[in-house]
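Counting begins at 1 with the first residue of the sequence. First listed ligand is number 1; within each ligand, the first listed atom is number 1.
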Amino acid sequence: MDKIQKSSINTIRKKLENSVKILITTHSNPDGDAIGSALGLSLCLENAGYNVVTMTPNDYPEFLQWLPGNDKVVRYTSNTRKAKEIIDSCDLIFALDFNQPDRLAKMEKPVTASSAFKILIDHHPYPYDFTDVTISDISVSSTAEKVYQFIVESGLKKFINKSVAECLFTGVMTDTGAFNFNSSGPETYAMVGELLSLKIDKDAVFDKVYNNYSADRMRLMGYCLESKMKVFPDLKTAYISITAEELKRFNYQPGDTEGFVNLPLSIKGIVFAVLFIEKSDHIKVSFRSKGTFAVNEIARQHFSGGGHLNAAGGEIKKDLNATLRLFEELLPRYIKNE
Ligand code: 5GP
Ligand code: MN
């Protein structure tokens, strides 16, 4: 873990002291790290007496809606007028868990146009230069871990209460697949130890996040594994594709396909797994890998996306069959370069 520059901390502390309204935001289709980091930092700053609003570009799955502070999160797409007013009236913006402004989707324009002082806290490679201060560290497990470090180094640790701890723990837990990957640094566990000392119920958090699905979702998963997974043993790759009709048939709710992309990685010998989902006007693609195979390359080069070495995503405006054909064409090239 890199140290946060003292000058960045000092600058932010000064900006905090002079702030009237702080906005904390994250990427569209927020995941557990995005929401956990945003709510954790918001509640901590609120405890410290600051005036804070948390805003997401759009809605997020129900399994994240139990988190403390959830009730006050403003969803830009559901409440655009109010959201725009807040963006225009804030003087400090924290952007969490993303590295390029287009990850804000419809919020990109108002946020980049705002004259507020902007701070990025993130752990994705190659951050764009779109904020006044960039705190970016790819060596941490999650943005939540970097937010925790920021809180500690800013002297705000005393404002981490049980609610803040639950949010930050959720961020680390979800971005590490419940400590299955990206979680070999001792600092991660030192942080988790501190959070546990605030009496959070780790098992209950796990239960609320991972054991909160519908029977339809389980059946969709079973169907995907049985009928929709294509395995290329020689290429150490497997993918799952899902049509819009299939989602409808299984009464799809946002978040239901969360985790599906990881499933093929439990097949012996498979190091590259992909999930293709047919949306109304594009195909959403998720990539995961094991080891040194960089999935953010293929995401960036062919699917207008990006991400981490072992977890990336993107989208493409083709139909599902054409997308799968393209992928199968590209695949041998990427595996050969491996
Ligand atoms: P997921 O597959 O869970 O949607 O995303 C995995 C990771 O890929 C995210 O943490 C994010 O870093 C990245 N990612 C997903 N979708 C996009 C996208 O559309 N654009 C970019 N630049 N990155 C994405
Ligand atoms: Mn993250």
Side-chain angles (χ1 to χ4, degrees), residues 25-41 56-58 60-61 63-64 94-108 120-128 130 135-150 167-179 181-183 188 209 239-242 254-265 272-277 279 281-289 294-317 323:
T25 191
T26 185
H27 58 81
S28 75
N29 304 323
D31 55 11
D33 190 30
I35 297 292
S37 299
L39 284 175
L41 183 58
T56 55
N58 57 354
Y60 45 89
F63 66 80
L64 296 172
F94 283 90
L96 305 182
D97 197 40
F98 62 101
N99 58 353
Q100 54 190 82
D102 67 359
R103 299 277 287 138
L104 287 163
K106 291 203 165 73
M107 257 176 80
E108 177 183 358
L120 178 75
I121 305 182
D122 181 43
H123 68 135
H124 291 86
Y126 317 120
Y128 281 39
F130 68 104
I135 298 175
S136 171
D137 182 355
I138 61 165
S139 76
V140 292
S141 63
S142 53
T143 295
E145 185 174 337
K146 204 67 194 169
V147 165
Y148 176 80
Q149 186 192 9
F150 165 73
C167 294
L168 296 179
F169 179 77
T170 300
V172 184
M173 183 188 77
T174 52
D175 247 30
T176 59
F179 306 96
F181 44 78
N182 289 341
S183 48
T188 305
V209 171
Y239 72 67
I240 293 171
S241 62
I242 314 177
D256 275 359
T257 54
E258 197 73 34
F260 283 19
V261 63
N262 292 304
L263 296 170
L265 288 179
F272 183 26
V274 190
L275 176 68
F276 298 94
I277 301 179
K279 300 281 178 185
D281 66 342
H282 67 275
I283 308 295
K284 162 82 180 110
V285 195
S286 289
F287 301 96
R288 298 291 186 274
S289 68
V295 290
N296 48 8
E297 288 293 303
I298 189 168
R300 195 168 49 78
Q301 288 168 0
H302 298 281
F303 297 92
S304 315
H308 309 273
L309 184 83
N310 296 126
E315 58 180 62
I316 186 165
K317 288 210 176 344
T323 304

If you measure from each heavy atom of [X] to ligand 1, is any distance below 4.0 Å?
| X | result |
| --- | --- |
| E315 | no |
| E258 | no |
| R300 | no |

Which count of protein N, O or S atoms is obtained for distances strictly below 2.8 Å from the Mn ion (ligand 2)?
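Count of protein N, O, S atoms less than 2.8 Å from the Mn ion (ligand 2): 4.
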Closest heavy-atom pair and its distance - P264, A273
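Between these two residues, the closest heavy atoms are CB-CB, 3.9 Å.
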Would you check if there is a donor-acceptor pair between the side chains of H123 and D175 at a distance under 3.5 Å?
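Looking only at side-chain atoms, H123 and D175 do form a donor-acceptor pair, the distance falling under 3.5 Å.
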Taking the side chain as everything from C-beta on, heavy atoms only, tell me whether F94 gets closer than 4.5 Å to V147.
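Not in contact.
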What atoms of ligand 1 come closer than 4.0 angstrom to any heavy atom of H124?
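Result: 10 (O), 11 (C), 12 (O).
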Counting heavy atoms only, which of H123, H27, R103 is nearest atom 11 (C) of ligand 1?
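When every heavy atom of H123, H27, R103 is considered, R103 comes closest to atom 11 (C) of ligand 1.
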Which of these, S142, P125, G313, has its nearest heavy atom closest to atom 14 (N) of ligand 1?
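Heavy atom nearest to atom 14 (N) of ligand 1 belongs to G313.
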Any donor-acceptor pair under 3.5 Å from [X] side chain to [Y] backbone:
| X | Y | result |
| --- | --- | --- |
| N58 | S28 | no |
| S241 | F276 | no |
| S183 | F181 | yes |

Sequence neighbours excluded, every pair satisfying salt bridge (charged side-chain N to carboxylate O under 4.0 Å, His left out) that has a member inside residues 294-303
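As it turns out, the salt bridge (charged side-chain N to carboxylate O under 4.0 Å, His left out) pairs with a partner in residues 294-303, which skip direct neighbours, are E297-R300.
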